[in-house]
> 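Before anything else, here's the structure in question.
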Amino acid sequence: MAAFLRSRCSSVGRTLMGGLGNNLFGAGNSSVETVARPSHCDAICQQIRTFIQMRTNLKVVDNSGAKRVMCIQSLRGKKGARLGDTIIGSVKEAQPRGKVKKGDVVYGVVVRAAMKRGRNDGSEIQFDDNAIVLVNNKGELIGTRVFGPVPHELRKKKHLKILALAEHIV
């Protein structure tokens, strides 16, 4: 559950190398062309991570009682939500004796996003999953603990209470 710095895989380089490999052995004059077929690795490497938008399933990383929330609406704009943005979601899975129940409509702050986010120092931060912390309509936390790493970009968005309760700040 740590943040990763990743670079994109490119199949263009592999396609060019494949074409050069055939031409090295005197097949440059033949009419047979190589067709690069995407393999399973290429599909994983080129998976596009986008904003958190409607119908995105998010993991809940506090002790409010919810396990999984589906995004209903992003309160940021038309594209979707990023780190530190507030969303409205519906609880899809919940623990039996929690503060929230299955089917409740709740507000949440995005604390981890699978989409890359650039930082001022030139590095990029990207998490493995999409995760939120549940808040009420006034912005106060429902739970009393926050599990897993949390980015320090939440400080700019004025979510200091989340940072104070977090286990790790990345």
Side-chain angles (χ1 to χ4, degrees), residues 1-9 39-121 123-170:
M1 289 244 176
F4 290 104
L5 299 174
R6 297 182 182 166
S7 64
R8 286 192 178 174
C9 289
S39 66
H40 182 65
C41 176
D42 289 341
I44 292 173
C45 292
Q46 292 180 354
Q47 183 178 8
I48 297 172
R49 304 290 184 155
T50 60
F51 290 94
I52 294 169
Q53 54 196 355
M54 283 179 55
R55 300 184 61 85
T56 301
N57 286 311
L58 301 113
K59 183 178 177 182
V60 180
V61 292
D62 62 5
N63 61 348
S64 60
K67 292 181 181 177
R68 187 172 56 93
V69 170
M70 184 180 71
C71 178
I72 295 174
Q73 181 182 8
S74 168
L75 299 180
R76 179 178 184 264
K78 287 187 175 182
K79 280 191 173 180
R82 295 181 100 177
L83 285 174
D85 293 335
T86 305
I87 65 167
I88 300 173
S90 172
V91 177
K92 292 298 178 186
E93 289 180 30
Q95 294 173 347
R97 290 172 290 281
K99 295 177 186 173
V100 294
K101 306 290 183 222
K102 181 179 176 181
D104 288 352
V105 176
V106 293
Y107 287 83
V109 175
V110 179
V111 294
R112 291 200 295 261
M115 182 178 174
K116 286 184 184 177
R117 167 140 176 135
R119 289 187 166 175
N120 292 337
D121 61 355
S123 64
E124 291 179 329
I125 186 164
Q126 179 180 13
F127 292 95
D128 291 333
D129 59 350
N130 297 317
I132 63 168
V133 171
L134 298 185
V135 296
N136 60 12
N137 54 3
K138 296 177 185 175
E140 301 164 353
L141 294 175
I142 294 176
T144 56
R145 296 175 65 193
V146 177
F147 307 112
V150 171
H152 69 81
E153 281 88 358
L154 295 178
R155 190 177 314 274
K156 295 176 187 172
K157 301 272 188 164
K158 308 289 189 239
H159 298 295
L160 299 176
K161 184 71 173 175
I162 296 173
L163 288 171
L165 294 176
E167 291 177 350
H168 305 289
I169 298 174
V170 182

> To the closest 0.5 Å, what do you measure between CD (Glu140) and CG (Leu134)?
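That separation rounds to 14.0 Å.
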
> For side-chain contact (heavy atoms from CB on, under 4.5 Å), just list the numbers for Leu58 and Ile87, CA-CA rounded to whole Å, side-chain angles, deciding distance to a tenth of an Å, and then say yes or no.
CA-CA 11 Å; Leu58 301 113; Ile87 65 167; 3.6 Å; yes

> Is the number of heavy atoms from other residues, nucleotides or ligands under 6.0 Å of Asp121 CG greater than 12?
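Count over threshold, so yes.
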
> Please answer whether the main-chain N or O of Ile142 pairs with a side-chain N or O of Asp62 as donor and acceptor at a distance below 3.5 Å.
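Judged by distance alone, no pair lies under 3.5 Å.
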
> Is the shortest side-chain heavy-atom distance between Val60 and Val100 below 4.5 Å?
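They are not in side-chain contact.
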
> Determine the minimum heavy-atom distance between Val61 and Ala131, stating which atoms define it.
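In this case the closest contact between Val61 and Ala131 is CG1-CB, 3.7 Å.
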
> Using every non-hydrogen atom in the two residues, find where Lys67 and Gln95 come nearest and quote the distance to one decimal.
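Heavy atoms only, the tightest pair is CE-CG, 3.6 Å.
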
> Side-chain contact, heavy-atom cut-off 4.5 Å: Leu75 with Asp85?
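A side-chain contact is absent here, since even the closest heavy-atom pair is not under 4.5 Å.
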
> So do the side chains of Asp129 and Arg112 get within less than 4.5 Å of each other, counting heavy atoms only?
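Counting from C-beta outward, Asp129 and Arg112 do come under 4.5 Å.
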
> Considering non-hydrogen atoms only, spot the tightest contact between Gly108 and Ile132 and give its length.
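The pair with the smallest heavy-atom distance is CA-CD1, 4.3 Å.
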
> Just how far is it from atom CD1 of Ile72 to atom CE of Met54, taken to the nearest 0.5 Å?
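Reported to 0.5 Å precision, the distance equals 8.5 Å.
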
> Please report the shortest heavy-atom distance between Ser74 and Ala81, naming the atom on each side.
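Smallest interatomic distance, heavy atoms only, reads OG-N, 3.4 Å.
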
> Going by side-chain contact (heavy atoms from CB on, under 4.5 Å), name the residues that satisfy it together with Asn57, two or more places apart in sequence or in a different chain.
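For Asn57 the side-chain contact (heavy atoms from CB on, under 4.5 Å) partners, ignoring immediate neighbours, are Arg68, Met70.
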
> Please confirm whether the backbone N or O of Val106 pairs with a side-chain atom of Asp104, one donor and one acceptor, at under 3.5 Å?
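Looks like no, no N/O pair under 3.5 Å.
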
> Using only atom types and a distance under 3.5 Å, with no angle test, would you say the side chain of Lys161 pairs donor to acceptor with the backbone of Lys158?
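Answer holds: no.
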
> Take atom NZ in Lys102; do more than 12 heavy atoms of anything else shown fall under 6.0 Å from it?
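No - once you tally the heavy atoms of other residues, nucleotides and ligands closer than 6.0 Å, there are 12 at most.
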
> Rounded at 0.5 Å granularity, tell me how far OG in Ser90 sits from CZ in Arg55.
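Output value for this atom pair is 10.5 Å.
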
> Taking atom CD of Glu124 and atom CE of Met115, what is their separation to the nearest 0.5 Å?
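CE of Met115 is found 10.0 Å from CD of Glu124.
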
> Around atom NZ of Lys101, are there more than 12 heavy atoms of other residues, nucleotides or ligands at under 6.0 Å?
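Yes, the 6.0 Å shell around NZ holds more than 12 heavy atoms from other groups.
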
> Which atom pairs, donor and acceptor, lie under 3.5 Å between side-chain atoms of residues 144-154 and protein residues at least two apart or in another chain?
{"from": "Thr144", "atom 1": "OG1", "to": "Asn63", "atom 2": "ND2", "distance (Å)": "2.9"}
{"from": "Glu153", "atom 1": "OE1", "to": "Arg119", "atom 2": "NH2", "distance (Å)": "3.4"}
{"from": "Glu153", "atom 1": "OE2", "to": "Arg119", "atom 2": "NE", "distance (Å)": "2.7"}

> Which heavy atom of Ala114 sits nearest to which heavy atom of Asn130, and what is that distance?
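Taking Ala114 first and Asn130 second, the nearest heavy atoms are N-OD1, 2.9 Å.
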
> Closest approach of Phe127 and Val111, non-hydrogen atoms and distance?
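Phe127 and Val111 have their closest heavy atoms at CE1-O, 4.3 Å.
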
